[in-house]
Amino acid sequence: MNCLVRFYLAGPLFVAMILGLVGCGKSDSTGGGGGRQASGMEKAAQENAMAEVKKHWTKQSEGWITARNSGSSFAPIRFLRQCRELNVEGVRTDDLSESDRMNGLEWVGEVRFKETPCREAGDQGVLLDGMASINVFRQRGRWTQWVDFQPEPVRIQKVKGNWQAQQDTWLLRGQLPGAEDFANAGVK
């Protein structure tokens, strides 16, 4: 809930006037327990976002793993990234304008994921692209320590009956790891 607080001077006392602006035309549902249940479209957004994540991450016994290359074809920096869990925290629905609807947009928003422990192994570099709460350096042959990390939301929309996810986001930049990726990282 968003609140606007205004203070007015009334003699020697301050009077606080609180105006609650509930939702402002946006919904914010949770993926499980605690908040209101997701609508049909929000549930479909969650399912489609997770389907897109599964094109880039594979689930193994110790968590979800993706293969990344943060370098270039001339100077690749290849590594594995592992997250203990990839669970939806909630969905935020954006307002659609009349023009959006006329252009075939049926739903627009983002799917947020819960904070999760992450680690990496592979070519030398900074863990989580330097976005972790501490600086840890990745190296070939062993996993870094686990650090808590909040993945970026996945922007998703439904256009003319088809779901589309914005690909340039933290969870969707990798690819499914193969034997070569594990060999390069020096881990199993």
Quiz item: Could you give the distance from CG (Leu171) to CZ (Phe113), rounded to the nearest 0.5 Å?
Solution: 5.5 Å
Self-check item: Audit row: Gln145, Ile134, side chain to side chain contact (heavy atoms under 4.5 Å, CB included) steps and yes/no
Solution: CA-CA 11 Å; Gln145 68 188 53; Ile134 60 172; 3.0 Å; yes
Exercise. Compare every heavy atom of Pro76 with every heavy atom of Asn69, then report the nearest pair and how far apart it is.
Key: OD1-CA, 3.6 Å
Practice problem: Check whether any side-chain heavy atom of Val147 sits under 4.5 Å from a side-chain heavy atom of Pro117, and report yes or no. | Solution: no
Quiz prompt | Within-4.5 Å side-chain heavy-atom neighbours: Gln150 and Met131 | solution = no
Practice problem: May I have the step-by-step check of salt bridge (Lys or Arg N to Asp or Glu O under 4.0 Å) for Arg173 and Asp168, ending in yes or no? | Solution: CA-CA 6 Å; Arg173 289 189 189 120; Asp168 189 21; 2.9 Å; yes
Quiz item: When rounded to the nearest 0.5 angstrom, what distance separates NZ in Lys43 from CE in Met41?
Solution: 14.5 Å
Self-check item: Test log, rule side chain to side chain contact (heavy atoms under 4.5 Å, CB included), inputs Arg155 and Arg92
Solution: CA-CA 10 Å; Arg155 296 283 310 157; Arg92 186 178 62 87; 3.4 Å; yes
Quiz item: Between Asn184 and Glu180, is there a donor-acceptor pair closer than 3.5 Å when you use the side chain of the first and the backbone of the second?
Solution: no
Quiz item: Within the side chain of Trp143, is there an N or O that forms a donor-acceptor pair under 3.5 Å with the backbone of Arg119?
Solution: no
Quiz item: Does the cation-pi check pass for Arg68 over Phe79, that is, NZ or CZ under 6.0 Å from the six-membered ring centre and within 45° of its axis?
Solution: no
Quiz item: Are the side chain of Thr116 and the backbone N or O of Cys83 linked by a donor-acceptor pair below 3.5 Å?
Solution: no
Quiz item: Within the side chain of Arg140, is there an N or O that forms a donor-acceptor pair under 3.5 Å with the backbone of Ala121?
Solution: no
Quiz item: Can you find a heavy atom in the side chain of Lys54 that is under 4.5 Å from one in the side chain of Trp64?
Solution: yes
Self-check item: Side-chain heavy atoms of Ile65 within contact of Phe182, under 4.5 Å
Solution: yes
Quiz item: Less than 4.5 Å apart, any side-chain heavy atom of Glu110 and any of Thr169?
Solution: no
Practice problem: Search all heavy atoms of Asn48 against all heavy atoms of Ile156 and return the closest pair with its distance. | Solution: CB-CD1, 3.7 Å
Quiz item: Checking salt bridge (Lys or Arg N to Asp or Glu O under 4.0 Å) for the pair Arg84/Glu115: CA distance, chi angles, key distance, verdict?
Solution: CA-CA 10 Å; Arg84 187 71 182 130; Glu115 183 177 276; over 6 Å; no
Quiz item: Short question: side chain of Glu47, backbone of Ala44 - any donor-acceptor pair under 3.5 Å?
Solution: no
Self-check item: Non-hydrogen side-chain atoms of Glu52 and Gln164 separated by less than 4.5 Å
Solution: no
Quiz item: How long is the span from the CG atom in Leu176 to the OG1 atom in Thr58, to the nearest 0.5 Å?
Solution: 6.0 Å
Quiz item: Which other residues belong to the hydrophobic cluster containing Phe137, where Ile, Leu, Val, Met, Phe, Trp and Tyr are joined when side-chain heavy atoms lie under 4.5 Å apart, directly or via other members?
Solution: Val126
Practice problem: Is it possible for you to say whether Val136 and Val187 belong to one hydrophobic cluster, with membership spreading through side-chain heavy-atom contacts below 4.5 Å? | Solution: no
Quiz item: Given side chains that start at C-beta, do those of Trp146 and Gln82 come closer than 4.5 Å, heavy atoms only?
Solution: yes
Quiz prompt | CZ-CG distance between Arg81 and Leu127, expressed to the nearest 0.5 angstrom | solution = 7.5 Å
Quiz prompt | Stepwise side chain to side chain contact (heavy atoms under 4.5 Å, CB included) test for Glu120 and Leu80 | solution = CA-CA 5 Å; Glu120 294 176 348; Leu80 296 175; over 6 Å; no
Exercise. Please assess Glu106 against Lys158 for the test salt bridge (Lys or Arg N to Asp or Glu O under 4.0 Å), listing each intermediate value before the final yes or no.
Key: CA-CA 5 Å; Glu106 300 170 36; Lys158 187 174 184 184; 3.7 Å; yes
Quiz item: Looking at side-chain heavy atoms only, is the closest gap between Ser133 and Phe149 below 4.5 Å?
Solution: no
Quiz item: Given a cutoff of under 4.5 Å between side-chain heavy atoms of I, L, V, M, F, W and Y, with clusters grown through shared members, what are the other residues clustered with Val108?
Solution: Leu96, Leu105, Val159
Exercise. Would you give the length of the straight line joining atom OG of Ser72 to atom CD1 of Ile77, rounded to the nearest 0.5 angstrom?
Key: 8.0 Å
Quiz item: Yes or no on salt bridge (Lys or Arg N to Asp or Glu O under 4.0 Å) for Arg101 and Glu98, after CA distance, side-chain angles and deciding distance?
Solution: CA-CA 5 Å; Arg101 287 185 183 84; Glu98 182 179 353; over 6 Å; no
Exercise. Kindly determine whether Asp94 and Trp107 satisfy side chain to side chain contact (heavy atoms under 4.5 Å, CB included), including the steps that lead there.
Key: CA-CA 8 Å; Asp94 293 345; Trp107 189 91; over 6 Å; no
Quiz item: How far apart are the C-alpha atoms of Gln175 and Thr66, what are their side-chain angles, what is the distance that settles it, and do they pass the side-chain hydrogen bond (donor to acceptor under 3.5 Å, both in side chains) test?
Solution: CA-CA 6 Å; Gln175 61 186 20; Thr66 190; over 6 Å; no
